[in-house]
Amino acid sequence: MASISSPPTDGFTDPSPSFSPSPQKPSLIPGIAPLTNVFSRFSQWRKSLDLPNPGSVENLQKEVKTTHLTNFIFDGARADLTKSLSMNPAFQVTHSFALGSQTAAPSYNFGAVFANSNVFLQGSVDHEGNVNARMNQGWTENCITKMQAQLSSQVGHNMIQLEHDYQGQDYSLNAKAVNPWPTDLTGIFIGSYFQSLTKNLAVGVESLYQRPTPEMAELSTSYLAKITSTDKNWIATAQVQPAGIVQATYWQKLSEKVEVAADLQLIAAPARRDAIATLGAKYDLRMATFRAQLDSTGKISALLEQRFAPTFAFLVSGEIDHLKNAAKVGVGVMIESSSLTPEEMGMPPQP
């Protein structure tokens, strides 16, 4: 048998085999390195500015809406009975009754809410079989996917809305699709971007694309601005919509218990020229909340929510329309009950 001997290397032998390097393919990283460096420097510069998140476009006028009565006023009689079945995860059911309203027929609504750290589920059904559902899925702290659905026995009242919201360090992105149909790409599509320019000023844009039929499409864009004081005690917003519609709001916190808000809407369309101004105030007392509102159409409204106990509240609302010589009055109760012990609800044990 012949033996294979390695050539001498000055008296030393290398036991490891030797390989000739194979030619490598050119990398693409050096080609994009200038772009990545510019992006990295730009990100570091934005981070050094320490700009706050401006909030979402949907909540642009959140403080004004919670001060005014638009989302709280009612007439007739109503009752909301809520029972908490679990605290972690949160699970509760609600029975709502309404009757005697001048604008709506008597109704009954059953609702349920389930929520944990990542998921929020809400559903309701009324006496006519109309179903409303809502789901929020939080992937991260700043990334949330939302879905809303409405099923109705009336033709044309069914709706599904898909939404994704992302909150960056100094900006917000949102995309919505209402009744999308993938085969012919019909539906309503909304996209918005809100960016903080300084610690007190933020600007944004919102585009609405409507395609009810494959042959018909329309695109409109709104422009938004928001100014916030350094101490967060007042907020001013402005929104310019297509067709000559301008809306401006101002909210100020006068004290820990008093908030005021003003809303001005201007319409300068070819077929209509109008302006509506609304002024409202909210007072938070120890066991009550009082809201009052006055607008330029001659309406004066007020709402009192009096809590006699943490689980029982009594509501009284009223509205007077001086121009139409009409008035509305509403009364309601909110009752909450729970089968949980104080310890299960997170309350300190009673001595």
Side-chain angles (χ1 to χ4, degrees), residues 35 39 42-43 46-47 49 51-65 71 118-120 122 132-150 156-228 235-249 263 265-269:
L35 297 178
F39 180 78
F42 180 72
S43 299
R46 288 179 56 182
K47 189 175 181 180
L49 296 177
L51 298 178
N53 182 276
S56 62
V57 174
E58 184 179 4
N59 294 328
L60 178 66
Q61 304 161 358
K62 176 182 177 181
E63 292 78 9
V64 176
K65 292 179 180 178
N71 298 329
N118 297 323
V119 179
F120 175 83
Q122 181 181 21
N132 290 274
R134 179 182 177 186
M135 181 191 75
N136 293 356
Q137 172 64 54
W139 308 106
T140 63
E141 185 179 356
N142 301 327
C143 189
I144 302 176
T145 299
K146 305 176 183 179
M147 184 189 72
Q148 297 184 34
Q150 176 180 321
H157 286 73
N158 296 324
M159 183 273 293
I160 183 171
Q161 175 178 303
L162 306 177
E163 178 180 356
H164 188 77
D165 188 74
Y166 181 78
Q167 303 289 326
Q169 178 184 354
D170 57 357
Y171 67 93
S172 299
L173 282 172
N174 183 271
K176 297 179 184 178
V178 182
N179 290 339
W181 195 252
T183 56
D184 54 5
L185 300 179
T186 57
I188 301 176
F189 305 92
I190 305 173
S192 63
Y193 177 76
F194 211 27
Q195 173 69 56
S196 292
L197 298 182
T198 67
K199 293 185 177 181
N200 305 106
L201 175 63
V203 297
V205 61
E206 183 179 55
S207 295
L208 171 65
Y209 179 74
Q210 302 184 67
R211 195 180 184 190
T213 62
E215 297 79 16
M216 184 183 301
E218 181 182 357
L219 177 64
S220 59
T221 302
S222 303
Y223 303 94
L224 314 101
K226 179 180 179 181
I227 302 177
T228 307
I235 299 174
T237 68
Q239 182 175 5
V240 180
Q241 303 178 15
I245 302 176
V246 179
Q247 184 176 10
T249 65
D263 183 359
Q265 297 185 19
L266 302 176
I267 302 176

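Worth knowing before you read on, the calculation uses all heavy atoms, side chains too, and leaves out hydrogens, waters and symmetry mates. Given the structure is predicted, the values throughout are model-derived calculations rather than measurements. Along the sequence shown, the residues carry numbers beginning at 1.
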Looking at [atom1] of [X] and [atom2] of [Y], how far apart are the two atoms once the value is rounded to the nearest 0.5 Å?
| X | Y | atom1 | atom2 | value |
| --- | --- | --- | --- | --- |
| L51 | T198 | CG | OG1 | 7.5 Å |
| N71 | K65 | CG | NZ | 7.0 Å |
| N136 | M147 | CG | CE | 10.0 Å |
| Y223 | Q241 | OH | CD | 12.5 Å |
| I190 | I188 | CD1 | CD1 | 7.0 Å |
| D263 | T249 | CG | OG1 | 6.5 Å |

Step by step, would you call R211 with L185 a side-chain contact (heavy atoms from CB on, under 4.5 Å)?
CA-CA 8 Å; R211 195 180 184 190; L185 300 179; 3.4 Å; yes
Run the numbers on Q265 and V246 for side-chain contact (heavy atoms from CB on, under 4.5 Å), then give the verdict.
CA-CA 6 Å; Q265 297 185 19; V246 179; over 6 Å; no
Show your working on side-chain contact (heavy atoms from CB on, under 4.5 Å) between K226 and L201 and close with a plain yes or no.
CA-CA 6 Å; K226 179 180 179 181; L201 175 63; over 6 Å; no
Side chain to side chain, S222 and P242, heavy atoms closer than 4.5 Å:
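Yes, at least one pair of side-chain atoms sits under 4.5 Å.
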Shortest non-hydrogen contact from [X] to [Y]?
| X | Y | answer |
| --- | --- | --- |
| S196 | N53 | OG-C, 4.2 Å |
| D165 | S56 | OD1-CB, 4.2 Å |
| Q161 | E163 | NE2-OE1, 3.4 Å |

Check side-chain hydrogen bond (donor to acceptor under 3.5 Å, both in side chains) between N132 and all other residues, then give those that pass, not counting sequence neighbours.
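Once residues adjacent in sequence are excluded, N132 has no partner under the side-chain hydrogen bond (donor to acceptor under 3.5 Å, both in side chains) criterion.
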side-chain contact (heavy atoms from CB on, under 4.5 Å) between L224 and V57, intermediate numbers included
CA-CA 8 Å; L224 314 101; V57 174; 3.7 Å; yes
Main chain of D170, side chain of Q195: is a donor-acceptor contact present, judged purely on distance under 3.5 Å?
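Yes, because the side chain of Q195 sits within donor-acceptor range (under 3.5 Å) of the backbone of D170.
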Check: G55 main-chain N/O paired with S172 side-chain donor or acceptor under 3.5 Å:
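It does hold such a pair.
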Is there any side chain to side chain donor-acceptor pair (under 3.5 Å) pair reaching into residues 137-149, and which pairs are they, with sequence neighbours excluded?
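Output for this query lists W139-T145, T145-H164.
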